[in-house]
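This is the structure I have questions about; it appears just below.
Predicted model only: the values in this text are computed from it and were never measured. Sequential numbering from 1 along the given sequence is applied to the chain's residues. Whatever order the structure lists ligands and atoms in, that order sets their numbers, starting from 1.
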Amino acid sequence: MLKAGLVPGAAPVADPILASRHWGLDFPNPLGLAAGFDKNGEVPDAMLGQGFGFVEIGSVTPLPQPGNAKPRLFRLGADQAVINRMGFNNHGLDYAAGRLVRRKKQGVVGANLGKNKDSADAVADYAAGVTRLGPLADYLVINISSPNTPGLRALQGREPLRALIGGVAEALAKLPRPKPLLLKIAPDLTAEDRADIAEVALDSPLSGLIVSNTTIERPTSLTSAHKTETGGLSGQPLFAPSTALLADMYRLTEGRLTLIGVGGISSAEQAYAKIRAGASLLQLYSALVYGGPALVGRINRGLAALLRRDGFANISEAVGK
Ligand SMILES: Cc1cc2nc3c(=O)[nH]c(=O)nc-3n(C[C@H](O)[C@H](O)[C@H](O)COP(=O)(O)O)c2cc1C
């Protein structure tokens, strides 16, 4: 429906209190669409038209791949959550590049990069993504936090991460125009992992962190029948752990990186909590399943009201407070 232009757009919330600028890009509001919804870059403009302040496509892997066998996506309705083990199903870099090149280029669109399941060289896969989509996207994301590609999350370790960022930085430096590079991390990280990532990130060309991907933890509060399915859990139960990680990463990086807060946002209060924990920008996905696109305007309007209530003149003033 979105692809065919059959979904009516929503008037964007154009409130200057929500507007901010990062990496030379203007964000009319802080709420973005998280990766995984538009894996192939087919509807970024249609989703910007739903009122999102920015859209992230992907994850895109160098070669097309089918992902895991179905069923691979489960609703946990009573828990307002989702479990997925999609496994980077996507049409590959050439297809996504073909879609992005056709865009009318209004609004911020980032590209989230993955590696092929059977690739022997992760660094080469991410570098290929930077080279192919870098010229077409406004920012790039190295996603090493999906639980559904074997071995992927091990790249978050100190030395693998250093090597990965080093390799990707070479591809980044060769782009015709420099593009911001972000790293998307998992919520299931030890205190040592967190400190290592912060240290490596601050000593690298990274411009920001996306905190966080889905969790492999299963909180005891879950009640839905599908709670034991393998995969990454997102939605409401992810809010508290992903926000705690966000606050940790904000402290550990001393506010020197731009953080995107994602995980369980479904209300203006939760969006505001992420901002105060250290996020400059936000993303959501799972809440759309239960709330529909009307959620986007509702969260933005509510967030503006909360900022005014607390005496902030602009969203940037509330970051990390
Ligand atoms: C069905 C589904 C597919 C996803 N695919 C990706 C992906 O390809 N790459 C990625 O970085 N994150 C992916 N995610 C994770 C989301 O981008 C987001 O980090 C996570 O769902 C937490 O946000 P939420 O609670 O608002 O959904 C996916 C999530 C879902 C539910």
> Taking distance alone, with no angle check, do Ile265 and ligand 1 share an N/O pair under 3.5 Å?
Replying inline: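 N/O-N/O distance under 3.5 Å: no.
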Is it the case that the side chains of Asn90 and Tyr95 hold a donor-acceptor pair, with the cut-off being a distance below 3.5 Å and no angle test?
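Short answer, no.
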Open item on the list: Are there over 12 heavy-atom neighbours, none belonging to Lys70, within less than 6.0 Å of that residue's NZ?
Closed with: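 Open: at most 12 neighbouring heavy atoms sit under 6.0 Å from NZ of Lys70.
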the protein heavy atom lying closest to atom 7 (C) of ligand 1 turns out to be Ser59 OG, 3.5 Å
Quick one: look up the protein heavy atom nearest atom 16 (C) of ligand 1 and list residue, atom name and how far away it is.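 Nearest protein contact, heavy atoms only, for atom 16 (C) of ligand 1 is Ala35 O, 3.5 Å.
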| message | Assess whether a salt bridge exists between Asp94 and Arg132, defined as any Lys/Arg side-chain N lying under 4.0 Å from an Asp/Glu carboxylate O. | response | yes
Could you tell me whether Asp203 and Arg162 have a side-chain N and a carboxylate O separated by less than 4.0 Å?
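Here Asp203 pairs with Arg162 in a salt bridge, since their nearest N and O are under 4.0 Å apart.
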Salt-bridge criterion met for Asp196 and Arg158 (N-O under 4.0 Å):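 Yes, Asp196 and Arg158 are salt-bridged.
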Original post:
What protein heavy atom sits nearest atom 30 (C) of ligand 1, and how far off is it?
Top reply: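 The closest one turns out to be Asn84 ND2, 3.3 Å.
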N or O pair under 3.5 Å between Thr214 and ligand 1: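 No; every N/O pair is 3.5 Å or more apart.
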query: Would you say Gly235 contacts ligand 1, with heavy atoms under 4.0 Å as the rule?
result: yes
So, Thr223 versus Asp79: side-chain donor-acceptor pair below 3.5 Å or not?
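Yes - a donor-acceptor pair under 3.5 Å links their side chains.
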Close N or O approach (Lys39, ligand 1; < 3.5 Å)
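Indeed, backbone or side chain, Lys39 has an N or O that close.
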Judged by heavy atoms only, the candidate from Tyr285, Phe37, Phe88, Phe74 nearest atom 1 (C) of ligand 1 is Tyr285
Check for me whether Gly263 has a heavy atom closer than 4.0 Å to any atom of ligand 1.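 Yes, Gly263 has a heavy atom closer than 4.0 Å to ligand 1.
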Whether Arg99 and Asp45 form a salt bridge (side-chain N of Lys/Arg under 4.0 Å from carboxylate O of Asp/Glu) is what I want to check.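 So Asp45 does not pair with Arg99 through a salt bridge.
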- For Gly232, is the nearest heavy atom under 4.0 Å from an atom of ligand 1? no
